[in-house]
Amino acid sequence: MKKFSGKKVLIMGSGGLRIGQAGEFDYSGSQAIKALKEEGIQTVLVNPNIATVQTDEKMADTVYLEPLNIDTLTKILQKEKPDGILLAFGGQTALNLGLALEDLGIFQELHIQVLGTDTKAIRESEDRDLFKKSLENIGIKTPKSFSANNVELALMHAEKIGYPVMMRSGFSLGGLGSGKVGSKEELKKKAAIALSGSPHVLIEEYLFGFKEVEYEVIRDGNDQALCICNMENFDPMGIHTGESIVVAPSQTLNNEEYHLLRDISIKIARHFGILGECNVQFALDPNELDYRVIEMNPRLSRSSALASKATGYPLAFVAAELALGYLLNEIQNTITKRPTAFFEPALDYIAIKLPRWDTKKLPFAERLIGSEMKSVGEVMGIGRSFLEALQKAIRMLNIQSCGIEDSPKKNLQIEKEIAQPTDSRLFALYQFFAKGG
C-alpha cells in the first residue's frame, strides 16, 4: 500500500459536549494528532469543543472552534487546503459530515484524500439496511429486520415479526431513537419521532436475554487483521453499551464462542475493507451456539477508548498510522522501539467500566436506562478478579458509596429496579442475592 505523502491533514472532531455523545472522542482525536505530529504532518482540528485535551493549544497546529456543519467545513477546507482528511476520530458526527461533503463533490474538487476506511465502506456499514444485506451475502447472521421509511410500513413489518420488536434509526447518535417497542400504539409514536430525524428506521426481532459482546479489530492495507480486545456487557441486549457495565476480557464465553466471534469480526473487517480500527457488536444466545451481528462501527468509538486503556494497546494512535499507509508490522512502540503493533494483548487482570449518571441533579429526570444513552461519564477499575475491579470502580464513581453493599439510594424497591433497569440496578441485584433471592 502506498504511504500518504501529503503535508497537511484535517481532523474532524465530534462536536460540542452533550449527554450521550462527543466527550469520549477526545481520547481518539488526541491520539490521532500525536501520531500525525510524529510523522511531521501539519494538523488542522475542527471541533467546537473547548472542554477537551485535543483543542489545547499545544496539540494541533491549527484549531477551529466552529460549528460542525457543511457550510463551515467547506469554507475551512477551501482556506486550509489539506492534503488529507481523517473522519474516523470524531464519532458519528464526523462520519455523517464526511459522507455529505463527498456527496457534494467537495473532496474531489479540492483534491482531498480521505485517509483510512474509504467512504464507500463507511456508507455501507453505517446504513443498517445496507449493512444487513452485505453481511447476508457472506453468510453472517444479523437480526431479522425490515426497513421502513414511513410509520405505516413500520407497523406492517412489526406485525410480521411479532411484538415486542426493536426499533432502530437508520443513522443515530448514542442510540438516539432506538428501543424496545411493545405495542402498535407505542410504535406509531416512536417511529414518527425517529423518522423526523432519519430517512428510515429498522424494525428488528427483539433478542431478549441474549448476551452483548464486542470485539475491537484493527486491519492494515496488507489485509493483516487483529482482535485487540473483546468485551462483555454486564447487562443483556436492550441496554446501550454506554449505559451498561462492561468487563474486559469477557468472563462467560467459552473457547468455542470466543473464537467463533473473533473469526467473524475479522471476516467483517476484511469484507468491508476497514483500514484502521472498527468495533463489531454481537448478540450471543446464552443457551446455544447462536449469534447475531448487531452493528459494526467503522471508526473509533467509546468502546475503543475503553479497550485501549484496558489493554495498554494505543488503538487510536495505531489506527492513525494505518490510515497513513503503515503496516502493523512497521509501527513500533514509541518508547521501547522494539515490539511492533502486530500482536494481540493477553490480559492477566480484569478491567471493568462503570457508567456514571447525574440524575440526582435532576429530581424529575427519568431514571430508567435502555437503548438510548443517558450516562455523562464513566470510570474504570482494574483488579485480579471481577469483584475487586468492580469494587474499585464503584468507589471511583464519587456517588458516596464504599462498594456494592453500600447503595447511595436508600430503601430500594429491589424487584422493580431489577425488572425495569435503572441507575441503581447493580445495588438492587446485590441486595436481592444478599437476601437469598
Side-chain angles (χ1 to χ4, degrees), residues 18-21 92 96 123-136 141-212 233 235-244 281-286 290-297 357 359 364-375 416-423 425:
R18 58 168 290 187
I19 293 174
Q21 68 190 67
Q92 195 69 50
N96 290 350
R123 199 179 302 277
E124 192 173 348
S125 56
E126 285 294 296
D127 184 304
R128 295 185 188 276
D129 198 28
L130 292 175
F131 179 66
K132 175 180 179 292
K133 291 173 181 176
S134 185
L135 289 190
E136 286 175 350
K141 294 181 182 179
T142 59
K144 185 190 299 181
S145 65
F146 301 94
S147 177
N149 57 12
N150 60 65
V151 175
E152 290 71 27
L153 197 55
L155 291 168
M156 185 184 75
H157 292 324
E159 289 297 329
K160 288 181 190 176
I161 296 172
Y163 292 98
V165 296
M166 186 71 179
M167 189 196 76
R168 299 179 186 274
S169 297
F171 293 88
S172 66
L173 290 164
L176 188 64
S178 67
K180 174 188 174 184
V181 179
S183 67
K184 183 177 179 180
E185 291 70 28
E186 188 181 359
L187 182 59
K188 277 184 182 179
K189 181 180 177 181
K190 288 190 173 181
I193 294 171
L195 287 167
S196 67
S198 178
H200 64 268
V201 295
L202 285 187
I203 307 300
E204 300 179 344
E205 63 177 318
Y206 183 65
L207 301 169
F208 179 75
F210 275 48
K211 299 176 185 180
E212 187 166 357
N233 283 20
D235 292 293
M237 288 295 298
I239 306 296
H240 192 286
T241 188
E243 297 282 272
S244 182
Q281 297 179 16
F282 293 92
L284 180 67
D285 193 325
D290 191 21
Y291 73 90
R292 303 286 190 278
V293 174
I294 304 303
E295 66 180 8
M296 186 266 284
N297 292 311
W357 298 271
T359 50
F364 300 104
E366 178 60 74
R367 291 178 50 252
L368 294 178
I369 61 175
S371 56
E372 291 188 27
M373 271 189 60
K374 297 177 182 177
S375 61
K416 185 178 179 180
E417 299 274 355
I418 294 172
Q420 295 182 303
T422 70
D423 52 3
R425 189 188 207 186

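When reading the values below, keep in mind they use all heavy atoms of this one structure, side chains included, and skip hydrogens, waters and symmetry mates.
Separating the OG atom in Ser145 from the NZ atom in Lys132 is a distance of 4.0 Å, to the nearest 0.5 Å. Interatomic distance, CD of Glu295 versus CZ of Phe282, reported as 11.5 Å (0.5 Å rounding). Within the model, atoms OG of Ser198 and CG of Asn149 stand 10.5 Å from one another, a figure rounded to the nearest 0.5 Å. Atoms CD and CG, from Glu185 and Leu187 in turn, are 9.5 Å apart once rounded to the nearest 0.5 Å. Distance check, rounded to the nearest 0.5 Å: CD of Glu136 to OG1 of Thr142 gives 4.5 Å. A distance of 7.5 Å separates CG of Asp127 from OG of Ser147, quoted to the nearest 0.5 Å.
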* Asked: Hey, mind stepping through Arg367 and Glu417 against salt bridge (charged side-chain N to carboxylate O under 4.0 Å, His left out) and telling me if it holds?
  -> CA-CA 10 Å; Arg367 291 178 50 252; Glu417 299 274 355; 3.6 Å; yes
* To do: Apply side-chain contact (heavy atoms from CB on, under 4.5 Å) to Asp235 and Arg425, showing your working.
  => CA-CA 10 Å; Asp235 292 293; Arg425 189 188 207 186; 2.5 Å; yes
* **Step-by-step salt bridge (charged side-chain N to carboxylate O under 4.0 Å, His left out) determination, Arg292 to Glu205** => CA-CA 11 Å; Arg292 303 286 190 278; Glu205 63 177 318; 3.2 Å; yes
* **Verdict with reasoning, Leu153 to Phe146, per side-chain contact (heavy atoms from CB on, under 4.5 Å)** => CA-CA 9 Å; Leu153 197 55; Phe146 301 94; over 6 Å; no
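Here the side chains of Met166 and Pro143 are not in contact, with every heavy-atom distance at 4.5 Å or above. Side chains of Leu155 and Lys188 form a contact here, defined as non-hydrogen atoms less than 4.5 Å apart. Tyr206 is not listed as a side-chain neighbour of Met237, based on a closest heavy-atom distance of 4.5 Å or more. Gln281 places a side-chain heavy atom less than 4.5 Å from the side chain of Asn297. Two residues are said to be in side-chain contact when any heavy atoms from C-beta on lie closer than 4.5 Å; Asn233 and Ile239 fail this criterion. Considering only heavy atoms from C-beta on, Ile294 comes within 4.5 Å of Arg168 through its side chain. At a threshold of 4.5 Å between non-hydrogen side-chain atoms, the residues His157 and Met167 do not count as touching. Residues Lys211 and Asp285 fail the side-chain proximity criterion, which asks for heavy atoms closer than 4.5 Å.
By the neighbour-count criterion of 12 heavy atoms within 6.0 Å, atom OH of Tyr163 is densely surrounded, having more than that number from other residues, nucleotides or ligands.
Shortest non-hydrogen contact noted between Lys180 and Pro164 is CE-CB, 3.7 Å. Residues Ala283 and Leu207 share a closest heavy-atom pair of CB-CD1, 3.6 Å. Between Ala154 and Val201, the closest heavy-atom pair is CB-CG2, 4.5 Å. Residues Ser375 and Glu243 share a closest heavy-atom pair of N-OE2, 2.7 Å. Counting all heavy atoms, side chain and backbone alike, Ile369 lies closest to Thr422 at CD1-O, 3.7 Å. Here the shortest heavy-atom pairing between Ser134 and Glu124 reads OG-OE2, 2.7 Å.
Ionic pairing of Lys374 and Asp423 is not present here: no N-O contact between side-chain nitrogen and carboxylate oxygen is shorter than 4.0 angstrom.
Pairs engaging residues 141-164 under the salt bridge (Lys or Arg N to Asp or Glu O under 4.0 Å) rule: Lys141-Asp290 [sequence neighbours left out].
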